[in-house]
Amino acid sequence: MTITITAFEKSPDRGKGLARDMRVRWALEEVGQPYDVHFVSFKTMKEAEHRARHPFGQIPTYEEGDLTLFESGSIVFHIGERHQGLLPEDAHARSRAITWIFAALNTVELPIFERSLATILERDEPWYEKRLEVLDKNIRSRLNDLSNHLGDADWLDGDFSAGDLMMISVLLRLKSSGIVDEYPNLAAYVARGEARPAYQRAFAAQLAVFTASSGG
Ligand code: GTB
């Protein structure tokens, strides 16, 4: 059955792979599943046709036969459940990998998301620098704990899993801030994720969309 995901027809990140379709593309590449992409604009994603896929009018979504999903975490989890390569066979290891998906989204991405929002919406406020300090402190607190957990391991819990895919996707959103580089083991962890052939294929695919949409 054909898998179709949705993505921005022109990503505001200019092909940096920061939009959340990237984590779905990466997961599909890891498990070797081909997929089609249905592109939406900021206008069409709020129209009824797309809201039938995604109640909040966002990307990414996932369609396969009569199944339609939204939420990048749920989609990556679904891909991991259906195909080998992203979730361990051992029941406990599998539950721990799923726990890391939630930790990435609920514990680590939240302060990172707040920072992204502040850099877009609050940059001109007189208290912006002070606010950024607070947000960065919150992020460092999470990264410090994550760094201590990872230690000198390659991945968060044994072999590479969907938990690592999600955590690395989340940490990549901090790239331009330089904060991850303060934790050499996390910087190396992110680089290991980026070096995976599946990541590279996913990144190239989303970049090609941006390049084509820019007439390049
Ligand atoms: N919780 C949902 C999920 O994980 O799937 C959140 C989905 C979401 O935020 N989607 C964003 C969206 O559709 C795109 S990824 N936004 C349009 C809207 O809400 O109207 C977020 C994103 C967008 C842009 C950048 N960037 O330019 O760097 C990075 C991340």
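All ligand and atom numbering here is 1-based and tracks the order in the structure.
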(message) Please tell me whether Tyr62 and Glu64 have a donor and an acceptor in their side chains that are separated by less than 3.5 angstrom.
(response) yes

(message) Quick test of your reading of the structure: of Gln58, Arg14, Met22, His50, whose heavy atom lies closest to atom 12 (C) of ligand 1?
(response) Gln58

(message) At less than 4.0 angstrom from any non-hydrogen atom of Pro60, what atoms of ligand 1 do you find?
(response) 5 (O)

(message) Suppose we measure from atom 27 (O) of ligand 1 to each protein heavy atom; which comes out shortest, and what is that distance?
(response) Asp13 N, 3.2 Å

(message) Is there a side-chain contact between Arg25 and Tyr35 in this structure, where contact means two heavy atoms from C-beta onward sitting under 4.5 Å apart?
(response) yes

(request) Nearest heavy atom to atom 5 (O) of ligand 1 wins, so pick from Ser72, Ala19, Pro12, Gly17. (result) Ser72

(request) Please examine the side chains of Leu143 and Leu171, heavy atoms only from C-beta on, and report whether any two atoms are closer than 4.5 Å. (result) yes

(message) Taking only non-hydrogen atoms of Phe8, do any sit less than 4.0 angstrom from ligand 1?
(response) yes

(message) Please compare Glu71, Met45, Lys46, Arg173 and report which has the shortest non-hydrogen distance to atom 1 (N) of ligand 1.
(response) Glu71

(request) State whether Arg142 and Glu114 are salt-bridged, where the test is any N-O pair (Lys NZ or Arg NE/NH1/NH2 against Asp/Glu carboxylate O) under 4.0 Å. (result) no

(message) Is there a salt bridge (charged side-chain N to carboxylate O under 4.0 Å, His left out) between Arg196 and Glu29? Walk through the geometry before answering.
(response) CA-CA 10 Å; Arg196 291 179 72 83; Glu29 292 289 353; over 6 Å; no

(request) Could you check atom 30 (C) of ligand 1 against the protein and tell me its nearest heavy-atom contact, residue, atom and distance included? (result) Leu18 O, 3.4 Å

(request) With atom 13 (O) of ligand 1 as the reference point, say which of Leu69, Val76, Ile59 has the nearest heavy atom. (result) Ile59

(request) Determine yes or no for a side-chain-to-main-chain donor-acceptor pair under 3.5 angstrom, with Asp164 supplying the side chain and Trp155 the backbone. (result) no

(message) Testing the basics here: between His78 and Leu67, what is the closest heavy-atom pair and its distance to 0.1 Å?
(response) CE1-CD2, 3.3 Å

(message) Please compare Arg20, His54, Arg23, Met166 and report which has the shortest non-hydrogen distance to atom 15 (S) of ligand 1.
(response) Arg20

(request) Measure the distances from the heavy atoms of Lys16 to every atom of ligand 1 and state whether one is below 4.0 angstrom. (result) no

